[in-house]
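Report on the structure given below.
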Protein chains: 2
Amino acid sequence: MAAVSRMGIFLGLDASALAEVLAAATLATAQAGEAYVCQGDPAHRFYLLVSGRVRLSQVTPEGQQVVMRFIAPGEEFGIVAILGRLPYPVTAEAVEPAVALAWSGEAFNRLILRHPQIGLNGMAMLAERVREFQDRLREAGTQRVERRVANGLLRLARQAGRSVAEGVLIDLPLSRQDLAEMTGTTLFTVSRTLAGWEERGIISSARKRVTLLQPHALVAVAEDLPEG
Amino acid sequence: MAAVSRMGIFLGLDASALAEVLAAATLATAQAGEAYVCQGDPAHRFYLLVSGRVRLSQVTPEGQQVVMRFIAPGEEFGIVAILGRLPYPVTAEAVEPAVALAWSGEAFNRLILRHPQIGLNGMAMLAERVREFQDRLREAGTQRVERRVANGLLRLARQAGRSVAEGVLIDLPLSRQDLAEMTGTTLFTVSRTLAGWEERGIISSARKRVTLLQPHALVAVAEDLPEG
DNA sequence: GGCTGTCTTTGCGCTGGCGCAAGTTCGGGC
DNA sequence: GCCCGAACTTGCGCCAGCGCAAAGACAGCC
């Protein structure tokens, strides 16, 4: 309950409203690699992640995969469920053991109507999400690969970064492929780019693991500043 | 009032609620080329377009412009105003004479709390917006220029298409530059691409004006099908 | 009608980054 | 400890699309 009361979407609700929200929820756990929802399935449930990490990805009609974003605890996914029985546009898959709260679309609709604050918070959350996608779309259209990858890493660090002795560890199993699919390039190019940064001491990388050693240097790359 | 009651965000409100919503609104008109909101200004107003067309664009720190989308009557812009005094992330400029309803962020917050249906509708609207941006981001990451331009045109046709004798006219002053900034390419490449399609009889174009003569052929390009 | 500025076209050279193939390293299961 | 498959690296060839320059076409204004 304490955890739930701190989630953005339930900010400003009193204890009884929170209790009601929780009473309507079911708990859904997933192991690493297990999917919460699959692209194309009819959307009937809406989720809020409590712990773990979830990866949202889309597969193109040609079979190519694209990683839309990673979901951190406190964030929502499957919102499309509240607007009728459209199919989910993405697949949501746990990349490490995860726990989420789930509501049926109808139940969540009723909660919003009874507690308008949830609708207000939800709009704020989605507006923020729209802003993030706008930024990424702008990047995709105007920036070269190196800058996009730098921005992608910085975004992940902000979302899932953990301070460790050497710098900021991106606390996610993150393959070169994932990074390529997030930034619209190929795993080859990502590999070469990371290798270049590693040589310059900006990052340190291993299998499915990246640590930012000099975040400010990466920011310089992302902003296309002359060598710092 | 009739027009307002048909807007997605006010669906399901009764007459008295609609009257209340309208009473809180002010009318804002703009001439072609005039800006409703400017990127970077503190966001204090939220708009719903009644008539005309509005272009949302962003300027990168390097001064490069990007066109995020066009707003059609019934759609919202400036939503960021309801979440505190953040700066607007985009500039909203009328491309033809426009009329919009405007609310202050606080007033709209109060309306949502009094009429939760608005919050629900607003979430639906934003969820749809997120979906659109996800699609575009996927396209940006996986498709070649020609397909992206085809998809861009089709999206515009859906949003602002008008049936005319020869086909579907995109009813917007739309320069090559605009199209390039929407699809993440250059006006040169757009010009060449359109010229190619015109030669094949798929479209017909003039200054700031494009008409789809064979929409299905454009769909074939967008989906990368073999020649139809 | 002529002028001006904006929009558009077209040619040409160049390169970032893709695509593939082959090889290497690593982690986990038995 | 060994094996297997997944993840990663590296070299090489190639081309889609960018960048620029210069010229052409059109709309609106005086």
Side-chain angles (χ1 to χ4, degrees), chain A residues 31-33 55 60 62-67 93 95-96 139-153 170 172-200 203-211 221 224, chain B residues 31-33 55 60 62-67 93 95-96 139-153 170 172-200 203-211 221 224:
Chain A
Q31 327 220 309
R55 183 176 65 185
T60 69
E62 291 82 29
Q64 204 169 153
Q65 198 175 97
V66 179
V67 175
E93 187 187 349
V95 293
E96 49 183 56
E139 285 174 17
T142 61
Q143 302 181 351
R144 302 269 147 152
V145 166
E146 189 181 28
R147 292 184 63 185
R148 298 208 304 269
V149 176
N151 275 310
L153 276 185
I170 293 179
L172 270 181
L174 179 75
S175 68
R176 304 287 183 270
Q177 180 79 39
D178 288 334
L179 211 39
E181 287 171 1
M182 288 190 72
T183 52
T185 179
T186 62
L187 79 159
F188 307 105
T189 300
V190 168
S191 178
R192 279 181 255 262
T193 306
L194 295 191
W197 290 338
E198 192 147 17
E199 205 166 311
R200 288 164 59 191
I203 65 164
S204 125
S205 76
R207 233 168 211 242
K208 293 205 167 197
R209 197 142 292 278
V210 176
T211 308
V221 173
D224 201 22
Chain B
Q31 326 219 309
R55 182 175 64 187
T60 68
E62 290 83 29
Q64 204 170 155
Q65 200 177 97
V66 179
V67 175
E93 187 187 349
V95 293
E96 50 183 54
E139 284 175 19
T142 60
Q143 302 181 351
R144 302 269 149 151
V145 167
E146 189 180 29
R147 294 183 64 184
R148 297 207 304 268
V149 176
N151 275 310
L153 276 184
I170 293 178
L172 268 180
L174 179 76
S175 69
R176 304 288 184 269
Q177 179 81 42
D178 287 334
L179 211 39
E181 286 171 0
M182 288 189 71
T183 52
T185 177
T186 63
L187 78 159
F188 307 104
T189 300
V190 168
S191 178
R192 280 182 254 262
T193 306
L194 295 192
W197 290 338
E198 194 148 15
E199 207 166 312
R200 288 165 58 191
I203 65 163
S204 128
S205 75
R207 234 172 207 236
K208 293 203 167 199
R209 197 144 292 279
V210 177
T211 308
V221 173
D224 201 21

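In what follows, every chain begins at residue 1, and chains take the letters A, B, ... in the order their sequences are listed.
When the nucleotides C/dC18, C/dT10, C/dT8 are ranked by their closest atom to the side chain of B/R144, C/dC18 comes out on top. With distances taken from any side-chain atom of B/K208 to the nucleotides D/dT10, C/dC7, C/dG17, the minimum falls on C/dC7. The side chain of A/R192 approaches C/dC20 more closely than any other nucleotide in the set C/dC20, C/dG5, C/dT9.
Taking 4.0 Å as the cut-off between side-chain N and carboxylate O, A/R55 and A/E93 count as a salt-bridged pair. Using a cutoff of 4.0 Å between basic side-chain nitrogens and carboxylate oxygens, B/R147 and A/E62 are scored as salt-bridged.
Taking atom CZ of residue B/R209 and atom C1' of nucleotide C/dC7, one finds them 14 Å apart after rounding to whole Å. Rounded to an integer number of Å, the gap from CG of B/D224 to P of D/dA16 is 13 Å. Whole-Å rounding puts the B/Q177 CD to C/dG5 P distance at 19 Å. In this entry the distance linking CG of A/L194 with P of D/dC8 reads 9 Å, nearest Å. The CD1 atom of B/I203 sits 12 Å away from the P atom of C/dT8 (whole-angstrom rounding). A/E181 places its CD atom 15 Å from the C1' atom of D/dC8, with the value rounded to the nearest Å. Rounded to an integer number of Å, the gap from CG of A/L187 to P of C/dC20 is 12 Å.
Taking for each of A/V190 and A/R207 the nucleotide of DNA chain D with the nearest heavy atom, the 5'-most of the two is the partner of A/R207. Two residues, A/Q143 and A/F188, neighbour DNA chain C, and the one matched to the more 5' nucleotide by heavy-atom proximity is A/Q143.
Dashed line: the shortest gap from a side-chain N or O of B/R176 to OP1 or OP2 of C/dT9 is under 4.0 Å. When the side-chain nitrogen and oxygen atoms of B/T185 are compared with OP1 and OP2 of D/dC18, one or more of them lie within a distance under 4.0 Å. Of the side-chain N and O atoms in A/T189, one or more sit less than 4.0 angstrom from OP1 or OP2 of C/dC18. At the phosphate of C/dC7, neither OP1 nor OP2 sits under 4.0 Å from any side-chain N or O atom of B/S175. Between C/dC7 and B/S191, no contact under 4.0 Å exists linking OP1 or OP2 to a side-chain N or O.
The minimum heavy-atom distance linking B/A140 with B/R148 is given by the pair CA-CD, 3.8 Å.
A heavy-atom distance below 4.5 Å is found between the side chains of A/L179 and A/L194. A/L153 is listed as a side-chain neighbour of A/W197, based on a closest heavy-atom distance under 4.5 Å.
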